[in-house]
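Worksheet: the structure to be examined is printed underneath.
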Number of protein chains: 2
Amino acid sequence: MTAEAKAVTTPASPPLTERQEARRRRILHASAQLAGRGGFDAVQMREVAEAAGVALGTLYRYFPSKVHLLVATMQDQLQHMHATLRKRPPAAEDPAARVAETLMRAFRALQREPHLADAMVRALTFADRSVSPEVDTVSRLTTAIILDAMGLDAPPTAEQLSAVRVIEHTWHSALITWLSGRASIAQVKIDIETVCRLIELTAPPEKA
Amino acid sequence: MTAEAKAVTTPASPPLTERQEARRRRILHASAQLAGRGGFDAVQMREVAEAAGVALGTLYRYFPSKVHLLVATMQDQLQHMHATLRKRPPAAEDPAARVAETLMRAFRALQREPHLADAMVRALTFADRSVSPEVDTVSRLTTAIILDAMGLDAPPTAEQLSAVRVIEHTWHSALITWLSGRASIAQVKIDIETVCRLIELTAPPEKA
DNA sequence: GGATAATGTAGAACAAGTTTCAGAGTTGAT
DNA sequence: ATCAACTCTGAAACTTGTTCTACATTATCC
């Protein structure tokens, strides 16, 4: 509904043939499958290749490292989630509550597949410079989801973008602490709600 | 000066002999050394063992994995930093500014050894459940640094602890985005300052 | 001081990510 | 239809974290 409805997908540098697109899809599917049970460690490149019916060398041609593969998997999952969230936008009154609601909804979705979440998030934070473009895409996707939830009328101000970035930081980091068992879901909820108060801080009341 | 001045060091389960303490120290030193140039990848267990003059098996007895080793290295470095920061506490007026100043000071310290920072932070976020206790120690240490910077008169409220946790989240995540070249130092500064405004939000003005 | 258990050493062995290579299969342009 | 260029396959090799084994050294306890 808001502005950001495009340009968040990958640029798709060289157009892939149909069979190549199918291979890519099989690989991503195998990756998510293996990650789903077993997490990061269970995604073994040889197994992914076999499950996708593809040679190891081919897998590496499509995704130059395990981290690349998992970050791409995350892109894929995030796109699904973005689409799903759009269908039933958050109901709350003010933007802060809407963002918190959206993030907690996303969080609960991840809870259903904790191993998959583990694999994707670990890959994301472990990524080095060579994966920057892909990680950046994930970041933009996340930003789009949050901005969507805010439901702004006008393009976001610099201040609001800062707040969104901080919310994203908190989201990622809270996810990690939860995945490594160092924080409960309740704790994560509190942290999300706390950081979302930054939104109120950046948006002077527009209507009484 | 504030409350938290103890119990942030490791519990030291079995008391180590002098030679063992020396070995441990040599290992941590070698780890930091190798991390200092080359980052995470440059810390190779065989090289650490050799540089520390210790057998590979011994290294693994002291630190059961590379991640354990690097997290311990981070503990070590953080303790130094905490001590240093205590010597020259931040000068600013309000707590929010003091925390922001402290974190940016820490940030600049890390900037001087970006490879070391890379190794430590990557290890920290990559750590799985088996490293939780050690990661938790790092987290408590960070919390102590922030609370110190706030310079509270009374023990922190639950609300303030939430704010501190969110600040910590932002700190870690911002560090990662900087280390992977996806954010500038200026950007990090803005994010830190933005999140620190949460402190003002949780501390009703005590004096006009 | 000597028995004994714990700790350390050297080095091989194993596991999984990554690289490499020779040959077979596809594709696209002429 | 054919040739050249690119892609895929299968398998081996290489790298680095981790484990294991057989033996030496050290610490502890009587």
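In the text below, chain A, chain B and the rest are named by the order of the sequence lines, each starting its count at 1.
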Enumerate the residue pairs fulfilling ring pair (Phe, Tyr, Trp, His ring centres under 6.0 Å) with a member in [range], sequence neighbours excluded, ordered by first and then second residue.
| range | result |
| --- | --- |
| residues 49-77 of chain B | none |
| residues 118-138 of chain A | A:Phe126-B:Phe40, A:Phe126-B:Phe126 |
| residues 128-149 of chain A | none |

Are the side chains of [X] and [Y] in touch, meaning some heavy atoms are under 4.5 Å apart?
| X | Y | value |
| --- | --- | --- |
| A:Arg165 | B:Val188 | no |
| B:Thr177 | B:Gln187 | no |
| B:Leu69 | B:Leu28 | yes |
| A:Thr143 | A:Glu168 | yes |
| B:Leu147 | B:Pro156 | yes |

#### Entry: A:Phe40 vs A:Gly57, nearer the 5' end of DNA chain C by closest nucleotide
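Result of the comparison: A:Phe40.
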### Query
Is any NZ, NE, NH1 or NH2 atom of the basic residue among A:Arg98 and A:Asp148 found under 4.0 Å from an Asp or Glu carboxylate oxygen of the other?
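Not counted as a salt bridge, because no side-chain N and carboxylate O are separated by less than 4.0 Å.
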#### Entry: Charged N-O contact under 4.0 Å between A:Glu193 and A:Arg197
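Salt bridge: no.
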### Query
For DNA chain C, which residues in residues 58-70 of chain A have a heavy atom at a distance below 4.0 Å?
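Heavy-atom contacts with DNA chain C come from A:Tyr60, A:Ser65, A:Lys66.
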### Message
Expected output is a numbered-order residue list: members of residues 43-56 of chain A with a heavy atom under 4.0 Å from any atom of DNA chain C. What is it?
### Response
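Under 4.0 Å from DNA chain C: A:Val43, A:Gln44, A:Met45, A:Arg46, A:Leu56.
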### Message
With side-chain hydrogen bond (donor to acceptor under 3.5 Å, both in side chains) as the rule and sequence neighbours excluded, what pairs involving residues 36-58 of chain A come up?
### Response
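Non-adjacent pairs meeting side-chain hydrogen bond (donor to acceptor under 3.5 Å, both in side chains): zero.
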### Task
May I have all residue pairs that pass side-chain hydrogen bond (donor to acceptor under 3.5 Å, both in side chains) and include part of residues 106-119 of chain A, sequence neighbours excluded?
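Qualifying pairs, neighbours excluded: A:Asp118-A:Arg122.
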### Task
Sequence neighbours left out, what passes side-chain contact (heavy atoms from CB on, under 4.5 Å) with A:Thr84? Give chain and number order.
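Counting only residues at least two positions away or on another chain, A:Thr84 forms no side-chain contact (heavy atoms from CB on, under 4.5 Å).
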### Query
Sequence neighbours excluded, which residues qualify as side-chain contact (heavy atoms from CB on, under 4.5 Å) partners of B:Arg129?
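With sequence neighbours excluded, B:Arg129 shows a side-chain contact (heavy atoms from CB on, under 4.5 Å) to B:Ser132, given in chain and number order.
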### Query
Reading DNA chain D 5' to 3', which nucleotide is the first, and which the last, to come under 4.0 Å of any heavy atom in chain B?
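On DNA chain D, the outermost contacted nucleotides are D:dT16 to D:dA27.
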### Message
Run A:Ser173 and B:Thr170 through side chain to side chain contact (heavy atoms under 4.5 Å, CB included) and show every step you take.
### Response
CA-CA 7 Å; A:Ser173 180; B:Thr170 302; over 6 Å; no
### Message
Give the residues of residues 121-132 of chain B touching DNA chain D, defined as any heavy atom closer than 4.0 Å, sorted by residue number.
### Response
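None, since no heavy atom is under 4.0 Å.
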### Query
Which two nucleotides bound the region of DNA chain C that has atoms under 4.0 Å from heavy atoms of chain B, read 5' to 3'?
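On DNA chain C, the outermost contacted nucleotides are C:dT7 to C:dA13.
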